[in-house]
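So that the names make sense, note that chain A is the first sequence line, chain B the second, and so on, each numbered from 1.
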Amino acid sequence: MSSRLLRLAAPLFTLAMALGCSGGGSDAPAASDTILIGEYGSLTGKEATFGQSTDNGLKLALDEINAAGGLNGKKLEVRVYDDQGKTQEAGTAVTRLIQDDKVVAVIGEVASSLSIAGGRVAQQYGVPMISPSSTNAAVTKIGDMVSRVCFIDGFQGYVMAKFAHDDLHATKIAVLYDQASAYSKGLQDDFGREFTSMGGTVFPAQAYTGGDADYSAQLTSIRETAPDAIYVPGYYTDVGNIALQARKLGLTVPLLGGDGWDSEQLGKIAGDAIEGSYYSNHYSFQDTRPEVTTFVETYKQRYNAVPDGLAALGYDSMRVLFDAMKRAPSLSGKDLAAAIAATNGFPGVTGIITMDANRDASKPAVIVQMKGNQPTFVTTVYPKGQEPAAAAPVDPAAAPVDGAAPAAAPADPAAAPATPPPATPAAKP
Amino acid sequence: MARESGLKARAAALAPEPMTVLKQSVLPLVAAFVIPLIFHFGIGPSVGAYPSKVLLDIGINVVLAVSLNLVNGFTGQFSIGHAGFMAVGGYTAGLVTYYGGYRIWGDSLPHGGFLGAGEMLFLVATIAAALSAAAFGYLVGLPSLRLRGDYLALVTLGFGEIVRVMIQQTSDIATDATEIAATSWPSLLWKVGGALGFTGLPFYTSLFWVWLWVSLTVLVASRLKTSTHGRAFLSIREDEIAAEAMGIPTTTIKVRAFVMSAAFAGVAGSLFAHEVGTTLNPGELGFQKSFEVVIMVVLGGMGSVSGCVLAAIVVTVLPELLRSVDEYRMVAYALTLILMMILRPQGLFGLREIWEIWPFKALFRSEAK
Amino acid sequence: MTKLLQTLMDGVSVGSLYALIALGYTMVYGILKFINFAHSDIFMLGAWVSFTLATLMGWTSDAPWIAGPAVICGSMLICGTIGFVIERLAYRPLRAAPRINVLITAIGVSLFLENVGQLEYVFGTRPQRMPSLLPDTVLASVAGVSIRLVDVLVIGIAFSLMGALEYLVFSTKLGRAMRAVSHDLKTASLMGIDVDRVISITFIIGSSLAAAAGFLTAAKYPSINQPAHSNWILFGLKAFVAAVVGGIGNVRGAMAGGLMIGLVEMFGAAFFSPNLRDVYVFTLLIVVLLIKPDGLLGRATVEKV
Amino acid sequence: MTGILEVQGVSIAFGGLKAVQDFRLSLREGGLQGLIGPNGAGKTTVFNLLTGVYRPDSGTVSLGGHNLIGLKPHQIARAGMARTFQNIRLFADLTVLDNIRIASHARTWTSTLASVLRTPGAIAAESAITEHAMELLDVLGLADRAQETARNLPYGDQRRLEIARALALDPEVLLLDEPAAGMNPQEKIALRGLIRTVRERFSLSVLLIEHDMGLVMDLCEQITVLDHGTVIADGSPESVQGNPRVIEAYLGAPSAEVSA
Amino acid sequence: MSTMLEISGLHVSYGAIQALHGVDLKVEEGQIVTLIGSNGAGKSTTLRAVSGLLKPVSGTITFHGQRIDGMKAHDIVRLGISQAPEGRGVFANMTVAENLDLGAYVRDDKAGIASDMERSLDLFPRLRERLQQKAGTLSGGEQQMLAIGRALLARPKLLLLDEPSLGLAPQVVATIFQILRDINKSGTTILLVEQNAHMALEVAHRGYVLEVGRVVLSDDAKVLAQSDEVRKHYLGVG
């Protein structure tokens, strides 16, 4: 018996050695003329669409960086592993990237639980990780190696609460969130807290599970409360059906959402049903800042699609990383992480990125409104206490909108691009 | 009323030699502790972190597969809710190490080194995980007294889904030491993170602990299989009616199989929860995870302990090896599965063990009786 | 009152979709005695094939009236063929193998369909909008509940298909053959029934019903999830629960079970908590099985000693 | 006189069909009794009633004076009644040895924990079980097949293995359901000797269902004849053989209607 | 008179267990041939092999000179061999009428089916009264009648019957055997498996005695009926 166990253990040992060796071989070329960066994401599985958008944006940035000569003549290379949306796979992928491929930094994930799984590995091995789009506060609390180029749920909840209160003059808001998504739950909590503190009423939240097709029970309950607006902090994959069913049930008030709405598909899917609804986002593709226009242009050329927020964040995370690599005294984990944390005023597509003490990107958010199936820029909301002296004027056509008549604003896509003012603050402190 | 069978008297005359006891009983137990030490201090450091991580994943999957084999392979019942027990165990253990850690040390970081105070807490947590999962195993095992085959499967699947949805309903974890100290245990039970998962659990899962539990699970399963109790399990799988007629209390044994299987799934849950690079979250412990374990058992051969071990290794390593083909790897995996079922329906080993099969028989000859 | 009526209507319309899918499960189980996990994926394919057909034909907006019938028929035809091929290639070689093997094969087929469907040049990973091929006008308004044509059509088509199946199974020669095969394969073959052919036909019918359910689901909920979304499987599993609750192998039981699951889910969500939908369904399953292990309309089977 | 197995007024109906009606039987301690009757007469149903697979609608069954009604099959087995099955029910994927050792489980006393820990007691118990099993295999002439998978045994060996397995329960009463079915004449002769030996050696009482009349008439001291679920004759082989009702039940009445 | 069915050297196994060890038998057109023997002798196995439910390991089965071993069961029915299986095998959840219809599954001639249906119902008037009843609710004898009636609806050239007397009361058995004789007279060849040797040999033209998968005796039925060996075999007398 005992020797059986031992004999079974022997092949395992061999296997482990084999894995070790196969990994060991692959980093040899990277050491010489290229710098290897790791990426992990959900390229398959139910959240594949998010992982793929991020990957597209990241690859675009990578090619631009390499076309411009790379880092001191060394080309950058990204090695990407799929995690299927599973934390165990994410942990393994990051371990492999760091320990086997010897990447200098890791970029990933969208879903917060996956960023936490990977982030804790990165922290353990002292390799910096940038999450492009995980907005849950817990992500960067892992430690000094982990940062992100997006704002956090708390801020986004505040942004939409403020917009609903100040601009929409809403007083009673219903909430419908995805209970299977930490992101959605987080936004729901933060929005509720902020909006209540502003004196508004938030009805008890209704929940769904991501992927559900039928929302009629929740929407029927919501209809009974006659809210001024409905906050739906979920992913666009679900929001389409929610909007369509809400309208069928006679709920005409605007829907409000977060960056999870941002996709070209939302307008295609929800059409008229989403017309006039608002969501907060990292950027607007109609922004006239040069960073944005070039990005949108090249992205369209390459992928034949309008980049969504995740693509923009993927793009920005790569560029923030590269920026830090240029500034860092060395590419050691410690130096690079410090350089990333010191990012200040970086002109990203998704706004001017400055890392705060928690290594969360502190930057304004935009509010966009769905008009003619396109997200149309409405206003910029700054973090508390960072409002520029002269806040950008609010587009008179889009706001204020009364909850009772949401679709009153004419939806003329041709007129839309001209209206948005630059999101860039005139002067940066 | 039955007459004296004479087995007892016979046994009295057959008291084993001390050497036999040493060889059959003590040495394997010693090996069960030595092997994890070898993994921890020998193999782990020499192969590096990534293979070590894969070895951790393999170990956890081995515990899952071998334990499910107790129900699906040995007893011939059909459970596809193993992830549910894993979740129950993982969350129980997490509660102990996380909030326990806060109560004891004021934080949730790992404390003490190898076999230090923290790891002892982890041991307690893992045992608690086994017990709570076993309790659920008993609850789910009860319907098996009335249900057969696919109905039982569906009930276990339903159980797993119910567990998953209930965990989603829980609220955020508490992260503040003073708040935690002030909160009663019953209300802490509900603060396990909901959909985000139970984040921030200390990383106690090491090669030592994983392979210790692998050794123990394999030891228990293989000793069971070669003992009168395990044969009672097998008899139910073979022919329930004949088993009853031979005096096997089939209902009791089925429940026992469920309880034992769930307990080890709970252990696997605890190991999973405290592993570097995982987050214990409900989304991941749904029916897909259960299917994955069932696949390991069927691939390895229903009832074959070593087959399950091998299948768990293959199923864990294969996707890693296929990483280069990314989006096609699951397609390839699915095709492999279908072809395997058609071409080798009994799994790798059927009911037999690796050392009972021809090319390996010679290798293990010294063990043959 | 409004809420009650609204919930009732939602329950019936979701329930009729469950019932359509449950029929495929129950027919296959009745004959081959295994849970065809891949059936959920045929349901998924039904929706995606419908979407693809409509897009290929350019029926994205202002589709002619023929578009709806054409797409549903096309989708049923294609998915029926896929069902046929799956049975032929993956299940038939395992006719004599233990059922667990067939079950694992079914899981394999399910994984295969999902992951192939997810490939960029097949269906991709983004959700898509199903063009509205069924007219969506408000027919009437009863106590604040608007009755929409699309819902009426969904329920109507589902029930007509179930009616057609009921007729087929109980009033035609083929149906008699199907019932004979589900009673006993060998005796059926002694009647001169080509058992393999009947099984093929069963798969074709079951798969086309699932395809119809896929189309109707997409018509009712136009944002269709990407192929590998676990919700497809979950929806299918709940349909299987419906089949079991109704009494597996029983066509009428599947319909009754489907409606029951739909109503329980919707009433639970509307009047108790929407968070626990799946819990209601699986709790109902456990309760029904413990009280009546063969389902509500099922027959007890006694093992011969 | 009361026998080791006493059955009185046992009846059972399946969905209105009266399968067994008012069945009675008294098996003397150490006796060898036959239960015969044409196919479908309800003989196997009687075995299922005695072993607790079915619960009778009415009647009493007692073994050594203890009531068996309401006990589960495994309890009845432990109480001392072992059986074989008409359509062989071996643990087909297990070895011959394991088939027998499983039946000894009912007589073992070690706990699961002791088994897993492999305590000296558990090791001794396992040795005892194995030794006992090997002895039985020896008696049944299967010792050299101990490590073979039961499924791969020839038919006659499978039948004998079933008997060996039943003996491993250390029963007081052994119920044999058509042990000679499918055996060739030589095997049948051997079986005849075997049943006698086994009865002596393990001091058993045997109740035997068998179609081979030669075997039954030769072996049994007492025969009960069942037709359509009721006892139509009961007595010594000679009296049963001469009973016209039995001949009719068996060979069918050479009636006038048919020859017409 | 020509040979309708010829079996030679038939070996059949269930897994490791060999059930038939080289069975040879012939059925002449127009006859009733009976196959008798004790339980487990291989009678039913022989019928199942003829019907195509079992695939022989070796040996041949020819029907009107055509090899049918290895053919699919449903194709064999189309050739004109139908079987009333052991245990009747009625479809319990279907009505008597539906069961009978299934018997005619291979046929398309509506008129022919209707007249054969009448014929079956004339043979078994009890079935006529119960046409709309579920077959599972019939008594054993009625189920046997249904099984035979159903097999007849295929208008077989060769009818295979597996223990039609099983578990039936003597009067019912007598009725059924009388009907078998009628069926045979109207031109259907019958291969009858029976345990009720007396009865079987009384109606049959020829008989085969099977023992442990082998034919041990075969002769004219009348000769066998008088044979001491058969008597000994069945009652253990003499």
Pair B:Lys289-B:Glu284, salt bridge (Lys or Arg N to Asp or Glu O under 4.0 Å): steps then yes or no: CA-CA 7 Å; B:Lys289 181 75 189 173; B:Glu284 219 160 301; over 6 Å; no

Which is it for C:Ile233 and C:Glu114 under the side-chain contact (heavy atoms from CB on, under 4.5 Å) test, yes or no, and what are the steps along the way? CA-CA 10 Å; C:Ile233 300 275; C:Glu114 279 173 23; 3.2 Å; yes

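Ring-plane geometry between C:Phe203 and C:Tyr91 is classed as tilted, the angle between the planes lying from 30 to 60 degrees on a 0 to 90 degree scale.
With a 4.5 Å cut-off on non-hydrogen atoms, B:Val155 touches chain C through its backbone and its side chain both. If you measure heavy-atom distances from B:Leu343 to chain C, you find no contacts under 4.5 Å at all. Heavy-atom distances place no part of B:Met340 under 4.5 Å from chain C, backbone and side chain included. Heavy-atom distances place both the backbone and the side chain of C:Ser230 under 4.5 Å from chain B. Within the 4.5 angstrom heavy-atom criterion, no atom of C:Ser273 approaches chain B. If you measure heavy-atom distances from C:Leu89 to chain B, the contacts under 4.5 Å come from the backbone alone. Only the side chain of B:Gln288 comes within contact range of chain C, with heavy atoms under 4.5 Å apart. When heavy atoms are compared at a cutoff of 4.5 Å, B:Phe78 approaches chain C solely by way of its side chain, counted from C-beta outward. Of the atoms belonging to C:Ile104, heavy atoms from both backbone and side chain fall under 4.5 Å from chain B. Both the backbone and the side chain of C:Leu289 come within contact range of chain B, with heavy atoms under 4.5 Å apart. The contact between C:Val241 and chain B is made by backbone and side chain atoms together, counting heavy-atom distances below 4.5 Å.
Checked by atom type and distance alone, the side chain of C:Asn115 pairs as donor or acceptor with a backbone atom of C:Leu111 at under 3.5 Å. Without hydrogens or angle criteria, C:Thr26 side chain to C:Gly249 main chain gives a donor-acceptor distance under 3.5 Å.
B:Glu161 and C:Arg277 are not joined by a salt bridge, as no carboxylate oxygen comes within less than 4.0 angstrom of a charged side-chain nitrogen.
When C:Asp278, C:Leu237, C:Thr283 are compared by the number of non-hydrogen pairs under 4.5 Å with chain B, C:Leu237 comes out ahead. For the set C:Asn275, C:Val281, C:Val102, the count of heavy-atom pairs under 4.5 angstrom toward chain B peaks at C:Asn275.
Within the 6.0 Å centre-distance limit, the rings of C:Phe235 and C:Phe43 are counted as a close aromatic pair.
Nearest heavy atom pair, residue B:Ala265 against residue B:Ser67, reads N-OG, 3.9 Å.
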